[in-house]
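Numbers restart at 1 for each chain; the letters A, B, ... are given by sequence-line order, proteins then strands. Because only heavy atoms are used, hydrogens play no part in the values below, and waters and symmetry mates are left out as well, while side chains stay in.
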Amino acid sequence: MDIKNTPEKLLKPYNPQETENRLYSTWEESGVFNPDVCIEKGYTAPDAEPFSIVLPPPNVTGTLHTGHALMLVIEDIMTRYARMQGKRTLWLPGTDHAAIATQSKVEKIIEKEEGKRKTDLGREEFLKRVEKFAQDSHDTIVGQARRMGASLDWSREAFTLDEKRSFAVRTAFKKMFDEGLIYRGHRIVNWDPKGQTVISDDEIVYEERKAKLYTFKYSKDFPIAISTTRPETKVGDTAVAVAKDDERYAQYIGKEYDAVFCGVPIHIKIVADESVEKEFGTGALGVTPAHSQIDAEIAQRHNLPTKQVINEYAKMMVGGENLLGKKTTEAREVIAQWLRDEGLMEKEEEVSQNVSTAERTGAIIEPLPKLQWFINVNKPIASHSGKTLKDLMLEPVKDGKIKIVPEQFERVYMHWITNLRDWCISRQIWYGHRIPVWYKGEEIFCGVEAPEGDGWTQDEDSLDTWFSSGLWTFSTLGWPEITEDFKTYHPTAVLETGYDILPFWVARMILMSTYLLNDIPFKTVYFHGLVRDEKGRKMSKSLGNIVDPITLIDKHGTDALRMAMIVGVGPGNDSNLGEDKIKAYSKFANKLWNITRFVLENTQEIDRENLPALDTEDQQTADELDALLKEITGEMNEYKFYLVTEKLYHYSWHTFADVIIERSKAKIAEKRNSESAQRILIEILPKLLRALHPFMPFVTEELWSLIPEGKNGRMLIVEKWPCSL
RNA sequence: GCGCGAUUAGCUCAGUUGGUAGAGCAAUCCGUUUACACCGGAAAGGUCGCAGGUUCGAGUCCUGCAUCGCGCACCA
């Protein structure tokens with residue numbers, strides 16, 4: 001065979017390192033990631049159906065991990081597929097300032113490197129440092145996304161804390177404030193004594209620990225014994241609650257007692273409450289309204305006083321020298337010893353209990369009464385015909401306007417919304433959107449801009465980061481301005497993210513969109529699973545098994561990593577990323593390379609203007625491929641990429657290469673229907689490259705540039721998908 | 001406590017609407033160096049967690065159980 005006309009590079013194995021960055025630049029410079037350019041250049045019809053995805057913005061807390069890599073791969077597949085279908089396709093990038101996460105990361109760095117605290121630097125200087133860190137992280141992340149081959153429209157990039165998004169946040173806040181959905185109130189909140197801020201229920205991580213359950217009486221003449229793992233809070237008790245129908249205690253209900261508990265005078269009323277279980281412990285519950293959510297609710301029902309005994313630093317606020325100023329853990333021991341000494345202790349038993357800790361700082365949460373901002377999820381909204389935010393969040397999923405893939409997460413979503421409590425949106429941190437509320441004496445002003453006149457001070461708190469991310473599908477498109485982009489691309493087609501983020505983010509986007517726009521934010525939610533190591537363990541710093549996706553790319557190429565992450569991994573399923581699997585697909589890239597070489601070398605003399613007829617055998621082969629393409633197109637539309645990739649892999653290797661190409665060798669050598677054999681080769685190859693492009697964009701684009709279809713036509717990225725259903 | 005998922009070849013996992021099991025990796029044997037050794041061919045390997053049920057027929061549907069994992073709640 002004449003090798004002269006074979007492109008030089010095909011004579012060596014496929015080299016992703018030489019190819020990938022070059023091709024990404026070619027795509028980016030040609031502007032095809034931008035749907036406007038695609039229309040301008042005639043790749044997309046001006047009236048084409050829009051398809052949009054907003055990138056779940058990675059936190060600017062460092063670098064991308066394998067979870068991000070998976071997200072980029074799946075969304076890039078969706079985007080490239082839509083683009084090849086001729087849709088007006090936008091995949092919009094951005095990053096998230098991630099308030100608490102970023103701030104605490106920078107705090108840790110400053111403390112480690114300079115031994116300073118944020119208060120040593122002051123708000124302004126500290127924020128400068130955070131912004132510098134955020135900028136660096138952003139640059140890293142953007143570079144990494146490019147390495148993944150992500151066809152994101154960088155010209156539209158957004159940041160949750162930039163000028164436009166801040167304006168959207170203030171606009172949304174004011175609307176909710178004016179309608180009474182945002183309120184300020186004293187409530188028991190999750191206080192993080194280390195981070196010195198409130199956190200939401202979702203930022204709590206439960207850790208199982210061993211604890212001691214103490215059973216005792218407040219004093220010798222107190223009639224009922226109670227149990228607790230936290231005796232130090234008992235100096236703040238104002239009642240004992242028992243079950244209504246508990247005969248043991250019925251005679252005491254309504255009575256009041258005075259006692260001196262470890263030197264602190266307390267006044268206890270006995271009440272009957274429905275939340276008390278007779279069988280648990282002694283069947284009596286010491287009520288500490290200031291330091292327990294449940295107790296606060298009991299206190300409210302019975303009009304009991306609230307007595308705060310623990311401060312923001314988790315230290316005792318009451319008692320004599322033995323208690324005052326002590327940490328809660330120390331005070332616990334002091335009180336336990338006092339109970340033993342006084343002969344009040346009835347029982348001490350080891351129990352295991354779930355301790356609430358803060359996700360970011362690891363500190364044990366101290367429930368405290370605090371003045372905070374909340375979003376009321378149960379208030380009927382006049383502008384939405386009396387529906388509550390909860391209703392607005394439930395409806396689109398119930399009605400099927402929003403589909404969740406895989407389906408089982410719909411129930412998880414419903415369950416979560418149904419149990420939703422008011423959302424605490426204020427945080428005592430510096431980095432983030434400052435609450436757009438100003439005070440002057442008794443006056444309060446809420447506005448998109450600061451009020452006119454002197455003497456106003458802005459609220460010190462900032463907003464929960466999820467407030468701004470809730471607006472993400474439309475703040476990125478220019479809202480509150482009604483832009484062309486907003487009109488074209490909202491609601492977005494798909495929201496693709498990890499299932500662990502469902503309550504945090506997905507629910508909040510639905511809340512914001514349905515309330516502010518009267519529209520859904522996306523039509524489909526696609527959840528991907530966790531990426532674990534090859535042994536199925538969660539990747540974690542302490543295990544030292546974290547894999548950097550960029551290292552894998554350097555070693556095996558982006559296409560190989562992408563395939564390894566997709567093949568056989570259904571939506572919502574966790575996957576194990578082993579290097580063997582990646583190697584297998586880097587071999588596959590090379591196999592495609594050699595397939596193309598063989599086809600080019602063996603079909604050079606064929607007359608493309610005047611193609612010969614196919615013999616029966618090859619005609620059947622052609623029909624089989626069309627059937628396969630039809631099948632996988634259906635699966636693409638159902639997001640079953642794990643099946644499509646497996647089938648394409650198998651077809652390319654074990655049908656096209658092992659059967660069809662092997663057969664053609666014999667036919668060409670024996671001059672038996674050799675023209676038919678050549679024609680089937682040049683028919684199959686371009687179709688395969690098109691179908692594989694969303695998954696393996698680099699090697700397919702490179703090969704496309706070497707075959708006549710690509711040499712004489714457009715880039716593969718803007719070519720047509722090989723099958724229309 | 002409530003809910004969800006998993007249990008298939010040595011390992012990691014596929015298996016669309018029920019028709020006597022598949023892939024990758026590993027291991028065995030044979031072959032090939034003019035598309036590709038990042039190759040080809042062959043053989044081997046499974047009572048599809050357990051027990052019932054529906055059915056002509058169940059990995060697939062139903063019930064119960066076991067083990068593992070996850071989420072939510074409780075945690076006096």
Response to the item:
Paired to B:A27 by Watson-Crick or G-U wobble criteria (both distances under 3.5 Å) is none
Worksheet item: CZ of A:F598 versus C1' of B:C39: gap in Å, rounded?
Response: 14 Å
Discussion item. Students often mix this up, so state it plainly: with edges at 30° and 60°, are the rings of A:F261 and A:W338 parallel, tilted or perpendicular?
Written reply: perpendicular
Worksheet item: Say you pick atom C1' in B:U16 and the same atom in B:A21; how far apart are they, in whole Å?
Response: 16 Å
Worksheet item: Hey, is the side chain of A:K591 poking within less than 4.0 Å of OP1 or OP2 on B:G40, counting only N and O atoms?
Response: yes
Worksheet item: Is it true that the side chains of A:T288 and A:K234 contain a donor and an acceptor less than 3.5 Å apart?
Response: yes
Worksheet item: Does a donor on one side chain and an acceptor on the other come within less than 3.5 Å for A:H556 and A:E579?
Response: yes
Worksheet item: If you look at every strand shown and take non-hydrogen atoms under 4.0 Å, does A:T229 touch a base, only sugar-phosphate, or nothing?
Response: sugar-phosphate
Discussion item. Regarding A:K665, tell me which of base, sugar-phosphate or nothing describes its non-hydrogen contacts under 4.0 Å with the strands shown.
Written reply: base
Discussion item. Please tell me whether A:N637 and A:Y81 have a donor and an acceptor in their side chains that are separated by less than 3.5 angstrom.
Written reply: yes
Fill in: Gap between atoms CG and C1', on A:L703 and B:A35 respectively (whole Å)
12 Å
Item to complete: Take atom C1' in B:G19 and the same atom in B:U55, then report the distance between them in whole Å.
Response: 12 Å
Fill in: Among B:G24, B:C38, B:A35, the one nearest A:N590 by side-chain distance
B:C38
Fill in: Side-chain donor/acceptor of A:K581 to base of B:C25, under 3.5 Å
no
Worksheet item: Strictly by modelled atom types, are A:D246 and A:Y252 linked by a side-chain donor-acceptor pair under 3.5 Å?
Response: no
Discussion item. At 4.0 Å (heavy atoms only), tell me whether A:E662 reaches a base, stays on the sugar-phosphate, or touches nothing.
Written reply: base
Discussion item. Can you check the distance between B:C65 and B:A9, where both ends of the measurement are the C1' atom (answer in whole Å)?
Written reply: 26 Å
Worksheet item: Angle class for the A:Y649/A:H654 ring planes (parallel below 30°, perpendicular above 60°, tilted otherwise)?
Response: perpendicular
Discussion item. For a quick check of understanding: with a heavy-atom distance under 4.0 Å over all strands, which category does A:I294 fall into, base, sugar-phosphate or nothing?
Written reply: sugar-phosphate
Worksheet, complete the sentence: Side-chain contact check for A:K647: nearest option of B:C36, B:U16, B:C75 is B:U16
Worksheet, complete the sentence: Whole-Å distance, A:Q293 CD to B:A73 P, equals 11 Å
Discussion item. Say we look at B:A23 and B:A43: how far apart would their P atoms be, to the nearest angstrom?
Written reply: 12 Å
Fill in: Integer angstrom distance from the P of B:G59 to that of B:U47
13 Å
Item to complete: Indicate whether any N or O donor in one side chain lies under 3.5 Å from an N or O acceptor in the other, for A:E20 and A:T558.
Response: yes
Discussion item. Donor-acceptor pair, distance only, cut-off 3.5 Å: does the side chain of A:D237 make one with the backbone of A:A239?
Written reply: no
Discussion item. Return whichever of A:Q408 or A:R532 has its heavy-atom-nearest nucleotide of RNA chain B closer to the 5' end.
Written reply: A:Q408
Item to complete: Show the numbers, then the answer: is there a salt bridge (charged side-chain N to carboxylate O under 4.0 Å, His left out) between A:E683 and A:R679?
Response: CA-CA 6 Å; A:E683 297 227 330; A:R679 177 176 163 190; 3.0 Å; yes
Worksheet item: Of the candidate nucleotides B:G24, B:G40, B:C75, which contains the atom at the shortest distance from the side chain of A:D658?
Response: B:G40
Worksheet item: Rounding to a whole Å, what distance do you find between A:E407:CD and B:U16:P?
Response: 15 Å
Worksheet, complete the sentence: Of the candidates B:C74, B:G40, B:G24, the side chain of A:N354 sits closest to B:C74
Item to complete: Specify the separation, in whole Å, of atom NE2 of A:H528 and atom C1' of B:G5.
Response: 17 Å
Practice prompt. Sort out the partner of B:U47 for me: Watson-Crick or G-U wobble, both distances under 3.5 Å, none otherwise.
Written response: none
Worksheet item: Base, sugar-phosphate, or nothing: which does A:A211 touch, judged by heavy atoms less than 4.0 Å apart?
Response: nothing
Worksheet item: Which listed nucleotide (B:A35, B:G40, B:C25) is nearest to the side chain of A:W653?
Response: B:G40
Item to complete: Summarise protein proximity over nucleotides 10-15 of chain B in one line of letters, 5' to 3': B for base, S for sugar-phosphate only, - for none, counting protein heavy atoms closer than 4.0 Å.
Response: --SSSS
Item to complete: Would you kindly give the CD1-to-C1' distance between A:I204 and B:C74, to the nearest whole Å?
Response: 13 Å
Fill in: Pairwise P distance, B:A6 and B:C62 [rounded to whole Å]
12 Å
Item to complete: Check every atom of B:C4, B:G24, B:C39 against the side chain of A:R411 and return the nucleotide holding the closest atom.
Response: B:C4
Worksheet item: Phosphate oxygens OP1/OP2 of B:G24: is one of them under 4.0 Å from a side-chain N or O of A:H654?
Response: yes
Worksheet item: Applying a 3.5 Å limit to both distances, which nucleotide forms a Watson-Crick or G-U wobble pair with B:U55?
Response: none
Worksheet item: A:N15 CG to B:C38 P: how many Å, rounded?
Response: 15 Å
Worksheet entry | No-hydrogen, no-angle side-chain donor-acceptor test under 3.5 Å, A:T621 and A:R663 | yes
Item to complete: Calculate the interatomic distance between A:K587 atom NZ and B:C38 atom C1'; express it in whole Å.
Response: 6 Å
Fill in: B:C72: pairing nucleotide in any strand, Watson-Crick or G-U under 3.5 angstrom
B:G1
Worksheet item: Using atom P of each nucleotide, how far apart are B:U60 and B:G53 to the nearest Å?
Response: 14 Å
Item to complete: Taking atom P in both B:G3 and B:G64, compute the distance separating them and give it to the nearest angstrom.
Response: 11 Å
Discussion item. Using ring centroids (six-membered ring only for Trp), state whether A:Y218 and A:Y257 fall under 6.0 Å.
Written reply: no
Worksheet item: Phosphate oxygens OP1/OP2 of B:A73: is one of them under 4.0 Å from a side-chain N or O of A:Y206?
Response: yes
Discussion item. Considering every strand and a 4.0 Å limit on heavy-atom distances, what is the contact class for A:T228: base, sugar-phosphate, or nothing?
Written reply: sugar-phosphate
Worksheet item: Base, sugar-phosphate, or nothing for A:V276, non-hydrogen atoms under 4.0 angstrom?
Response: base
Discussion item. Let me spell it out: for each of A:V412 and A:P13, pick the nucleotide of RNA chain B with the closest heavy atom. Which residue's pick is nearer the 5' end?
Written reply: A:P13
Worksheet item: Within the structure shown, what part of the strands sits under 4.0 Å from A:L213 by heavy-atom distance: base, sugar-phosphate, or nothing?
Response: sugar-phosphate
Worksheet item: With both distances under 3.5 Å as the test, what is the Watson-Crick or G-U wobble partner of B:A66?
Response: B:U7
